[in-house]
Number of protein chains: 2
Amino acid sequence: MVTKRQKLEEKETRILAAARDVFVEFGFEKGRMAEIAKRAGVAEGTVYLYYQTKKDLVRAVLEQYWARLTREALEALPEGSNTFDQLQAFARFHLSAFHRDIDYINMNVAARTAHQDFEVPMERVRDYVRVFDQLFERGKDRGEIRTTVPTWVARDMFFGTLEHTARSTLSDDNKDPEAATANLIALFQAGYTDEAPEKTAELAPLVQRLEAAVARLDDLTSS
Amino acid sequence: MVTKRQKLEEKETRILAAARDVFVEFGFEKGRMAEIAKRAGVAEGTVYLYYQTKKDLVRAVLEQYWARLTREALEALPEGSNTFDQLQAFARFHLSAFHRDIDYINMNVAARTAHQDFEVPMERVRDYVRVFDQLFERGKDRGEIRTTVPTWVARDMFFGTLEHTARSTLSDDNKDPEAATANLIALFQAGYTDEAPEKTAELAPLVQRLEAAVARLDDLTSS
DNA sequence: CGACTGGTATGAGGGAAGCTCAGAAATACT
DNA sequence: AGTATTTCTGAGCTTCCCTCATACCAGTCG
């Protein structure tokens, strides 16, 4: 027995799936409401009973997308390794996701720029961004990352670099995306590592040798 | 005496200026061809004699914009200072230009995403990007930047970070853009500096003390 | 079983915007 | 002055998002 509510939800799902396919295939601007209705097997007017505008429809598609991406990201992170390894894994994931889902990304951008009032499903995007924030701040807690670095600065650098790199490597086969992620993490390590202990550790053997030599010298000269 | 050619060019200029104003005020999508024609003082059909489509028109506007930006950037660079200072000056310039010209930037993005076949005036953009490339490669020539870093990797990081930062600082007054540029350049310095001389310099006093001590030791043991 | 009622679906049509094109106007040429 | 050519015009065509009067459907009651 299929309840009335189930039937409605099933139709809503079908419309959303059709919208997703059409927007991915044609993009937001060129994706036609008529085509979405046709693929969902309903009349054009019916679509508007479920989603008030084309904008709302693309928002729903994107909401689904970001939620999925967050799930995938969490799965892609190696457990228990150090912060920079995890950041690198996340960077690799993000870059390849952008390559794979460039249609969604463009849809996102198109919807945002087409309507200055358009709000990307911010909640879902924030969930995704939080994956980075949490990694980074745990790095601070663990003493692996200098606490003086504002997280937002690193975050903007992380996502900005990767988004730009994704587009640039997509249009030029000679560029190796791996070089970009490796570079990003190397710079993070060079610039964000809490260096004090490391430097001390690096110099310690030298200092020890020096002091041992001086001690021997003192011994000899005093005797 | 005004030649026919001059009259035509004057009209073309007027249309372009009107288009620029309208696109800046309303954005690419919401900017109406009718409004552009009205402001240029010509009929709507006339616009299409000079620019075949709305897309061509925005392309011409953007071409002008990028050319102007390149000129301004070159003027903003301090002469003769070291590479990282120049990069920082360029980063500051770029960030504030993005703030000031966010309408142009959005126009650019809107035009690109609205028509998947749209080509931003690549030549002019390349000219602008070359400002960075030249700074960076001169840094390599001078031995200030490690030559193993591919320029494109640093370039994507530079522009990606700044574009993302520009948007994020625009929508959140608590964020200080200066922190972002300073951070970017600090990371570049930490990660890209040709470190060999610096490390040697850092260790020099220690090594000297060590060698002096060894010398004294040798003196004593041989005598 | 038939009438009624509230929710759901339909698709022709409204409105808006980019673009076209037949004819008008301006300019150049003889 | 008359003709040919170039330039300009704006009503109207097309496309697309969205609306709304109408039709359909599934329960419910007499």
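Convention: sequence-line order gives letters A, B, ...; per-chain numbering from 1.
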Checklist entry - Side-chain N or O of A:Tyr50 less than 4.0 angstrom from OP1 or OP2 on C:dT8? => result no
Checklist entry - In terms of the angle between their ring planes, are A:Phe188 and A:Phe136 parallel, tilted or perpendicular, with boundaries placed at 30° and 60°? => result perpendicular
Checklist entry - Once the angle between the rings of B:Phe90 and B:Phe159 is folded into 0 to 90°, is it parallel (under 30°), tilted (30 to 60°) or perpendicular (over 60°)? => result perpendicular
Tell me the interatomic distance from [X], atom [atom1], to [N], atom [atom2], rounded to whole angstroms.
X: A:Ile36; N: D:dC18; atom1: CD1; atom2: P; value: 10 Å
X: A:Tyr48; N: D:dA21; atom1: OH; atom2: C1'; value: 18 Å
X: B:Asp56; N: C:dG18; atom1: CG; atom2: P; value: 14 Å

Item to check | B:Thr165 side chain reached by B:Phe98 side chain, heavy atoms, under 4.5 Å | outcome: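 A side-chain contact is absent here, since even the closest heavy-atom pair is not under 4.5 Å.
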Item to check | Residues that B:Arg32 engages under salt bridge (Lys or Arg N to Asp or Glu O under 4.0 Å), provided they are two or more places apart | outcome: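 None.
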Item to check | Partner residues of B:Glu35 under the salt bridge (Lys or Arg N to Asp or Glu O under 4.0 Å) criterion, sequence neighbours left out | outcome: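 Counting only residues at least two positions away or on another chain, B:Glu35 forms a salt bridge (Lys or Arg N to Asp or Glu O under 4.0 Å) with B:Arg39.
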Checklist entry - Stepwise, does the side chain to side chain donor-acceptor pair (under 3.5 Å) test hold for B:Thr151 with B:Lys140? => result CA-CA 10 Å; B:Thr151 299; B:Lys140 285 184 184 173; 3.1 Å; yes
Checklist entry - Listed by chain and number, what are the side-chain contact (heavy atoms from CB on, under 4.5 Å) partners of B:Ser168, not counting sequence neighbours? => result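 So B:Ser168 forms a side-chain contact (heavy atoms from CB on, under 4.5 Å) with A:Trp152, A:Asp156, B:Lys175.
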Checklist entry - salt bridge (Lys or Arg N to Asp or Glu O under 4.0 Å): which pairs involve residues 120-137 of chain B, sequence neighbours left out? => result B:Glu63-B:Arg124, B:Glu123-B:Arg126, B:Arg124-B:Asp127, B:Asp127-B:Arg130, B:Asp133-B:Arg155
Next on the checklist: Please encode protein proximity along nucleotides 10-17 of chain C as a string of B, S and -, counting only heavy-atom distances under 4.0 Å.
Outcome noted: BB-----S
Item to check | Contact residues, residues 13-20 of chain B to DNA chain C [heavy atom, < 4.0 Å] | outcome: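 Per residue number, the list is empty: none.
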